[in-house]
Amino acid sequence: MSQVSQNCPQCGAPVVFRWSQAVQTTCPYCSSILVRTDVDLEKVGVVSDYPLDPSPIMIGTEGVYDNKPFVVIGRICYEYDGGGWNEWHIVFNTGESAWLSDAQLEYTVTKLLPWAPALNGQKLDAGTMVDVGGAYYTVTTLTNANYRAVEGELPFQFWDKTVCRFIDLRSQDERFLTIDHTEAQPLLFGGRTVGFDALKLTNLRQFEGW
Amino acid sequence: MPAERPQPKVRAISCPNCGGSVELRGMGSSLHATCINCLSVLDVSHPAVQIVQTFDKKTRRFLPKIPLGTRGKIDGKLYEVNGFQTRALYADGDEYTWDEYVLYNPFHGFRYLSEYQGHWNDIVSLPRLPVGSMSGVTVDGVTYKKFQTAATKTIFVMGEFPWRVQVGDAVAVEDYVSPPASVSREGLEGEFTWSRSTYIDGKQIWAAFQLKGEPPAPQGIYSNQPNPLPPASGMWKLMGLFSVLLLVAMVVSLVFHSNSKVFESKYYFIPGSAEPSFVTPVFDMPGGDKNVQIDIKTDLENDWAFFSFALINEQTGIAYDFGKEVSYYHGRDSDGSWSEGDRGDKVTIGGVPGGKYYLRVEPEMEKTLSSPVFGGKRVNYQVTVVRDVPVIWPYFLAWPFLLIPPLFATIRRSNFETKRWAESDPSGASGDPNTSKEDDDD
């Protein structure tokens, strides 16, 4: 992975991009949210604070999914009535990127999928069943979450959101779908729930006493 | 160096209700926690702690059997007991209460233990949806039978929880059982979570958490408690095997007995003869102590005859005395033809030593002239002596005894199952459990 280094327009500290396709990052020194322009970095905001964060994952954590090694390069923190969670932005050694969520310390890896026309015009209430790509999924939870913070490299600009709406669907195996209604055009992410051990995570956070 | 976010550690807060100091061990994963001093339920999901519910003095108190903060290994992973709640279920006017423990590991996440009257379960969340069927649900190829649908209520809370728990929380629970496991659906208004419970011996928990004393003895039979009696199928197989062995032994005995005819002769008898008794020529019976069978065949017609025999050893003079009555009657009436008795019979004597023998025979019949044949009645008969006949009746007698152990095991095992299901209430909404809306029948 070729690394691109620039300087933070706020504090002048060097800002390194691990992933060439990253559009946004945060300055590790001053927490400024920086967006890449053609030539330079532009400061668009600042990360206020991170919520109480129980995740054992951090930027730089490495793991394996589908036999492919990945590294964690960024995250979006969300918060809702049932708690907070992170969508960790992970990049595989192939250059593809995906998301690793840690809600309730249960781990799910999802990738952006092409929109499924089967979902058009569907009223997705809890319990609704839909056929997506030949597999049956049932809507299990509808979540209205608040964006709390961002950290590190992201594949898009994401920093001024307020309410984000998610619809989670589960199948009879460990497959999982989530529809992200944050933008006008909903996005579909699909993947599966993975056990902590199966992810073979290294370079994790340390917990005092554990 | 970039400013590293601090390492998560035990967080000390002060209770906004009583001012007491509370330690939070959930590393940021807990949403609600109770104050150890005043048992208020606090919202600890933000740095600013808020009171959710103060402890009502009327609330019953329950004591966790595993103290909060205790660590132990389950499934090879270290967990800390962070939360404890007592829940109640109401059925037929009775209240049933059970305890639940929240186990936490900062990497592996959450796991739960439940205890009802000494019966423990190890509970994990199920990241997939069971498939509904007529009698229950299927997960990973295992079918779980519907056990009950119940309205439950949280009646006591202590410690930390990764959800917004409070006293009075009402949840509908549906249990499906396949011992030693069960799957449960919890939730309200269409949003459900599924979990899988595995029955675990209290002694295993006592060992894992190094608890003092003995776990409480289990009372009664729990829904997913494994049947302690082994399936009788093994015993039935064994019974089948023994039946085959018995059959083989029988066949072997048929083959290995010499079953040899050592003497045979035809005689006749006229009642009223001067001296009815006579002796046969001497015949040889080879071998050691073996049985002997004496066959009598007659041409009796609506009559009877009695034969007194003595099998006498020529050398030693030892005699085996025995008698046999032979009778045969037949005819025809309004119901058709009938017959009674047999024209022939046999006697078997066991353990007769080898040697030279002869028979003394004394036939006896009624003198009455009932036969239309002129010159009085006469019976023709034949005596045959067979050495070393195979005896098969003990095999048939033994076989039913083979049935007893597997039959007994089957009945005992099924009694346990009857008691298990006696507590169940599988009635309720049928069809796909993932789509059916819950009707909360409190």
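A:Glu174 contributes no side-chain N or O that, together with a main-chain N or O of B:Pro127, makes up a donor-acceptor pair within less than 3.5 Å. Using a distance-only test at 3.5 Å, with no hydrogens or angles considered, no donor-acceptor pair links the side chain of B:Arg164 to the main chain of A:Gly82.
Looking at B:Asn105, the atoms closer than 4.5 Å to chain A (heavy atoms on both sides) sit in the backbone and in the side chain alike. Contacts of A:Leu142 with chain B are made by both backbone and side-chain atoms, with heavy-atom separations under 4.5 Å. With a 4.5 Å cut-off on non-hydrogen atoms, B:Leu126 does not touch chain A at all. Heavy-atom distances place no part of A:Tyr136 under 4.5 Å from chain B, backbone and side chain included. Of the atoms belonging to B:Arg25, not a single heavy atom falls under 4.5 Å from chain A. Contacts between A:Asp81 and chain B at a heavy-atom distance below 4.5 Å involve backbone atoms as well as side-chain atoms. Heavy-atom distances place both the backbone and the side chain of B:Ser29 under 4.5 Å from chain A. Only the side chain of A:Glu106 comes within less than 4.5 Å of a heavy atom in chain B; its backbone stays farther off. With a threshold of 4.5 angstrom between heavy atoms, B:Val139 does not approach chain A through any atom at all.
Separation of atoms CZ (A:Phe207) and NZ (B:Lys9) is listed at 13.5 Å; rounding is to 0.5 Å. Separation of atoms OG1 (B:Thr193) and CD (A:Gln104) is listed at 9.5 Å; rounding is to 0.5 Å. We find the CZ-CG distance between B:Phe107 and A:Leu105 to be 10.0 Å, quoted to the nearest 0.5 Å.
Judged by the 6.0 Å and 45° rule, B:Arg71 forms a cation-pi pair with A:Trp210.
Applying the salt bridge (Lys or Arg N to Asp or Glu O under 4.0 Å) rule to pairs touching residues 128-148 of chain A yields A:Asp49-A:Arg148, A:Glu79-A:Arg148, sequence neighbours excluded.
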Handout entry: Residues A:Leu52, B:Met27; criterion side-chain contact (heavy atoms from CB on, under 4.5 Å); working and verdict
Key = CA-CA 8 Å; A:Leu52 293 170; B:Met27 305 294 179; over 6 Å; no

Handout entry: Pair A:Ser171-B:Arg128, side-chain contact (heavy atoms from CB on, under 4.5 Å): steps then yes or no
Key = CA-CA 6 Å; A:Ser171 73; B:Arg128 49 195 165 287; 5.7 Å; no

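Across all their heavy atoms, A:Asp197 and B:His108 have their closest contact at OD1-NE2, 3.1 Å.
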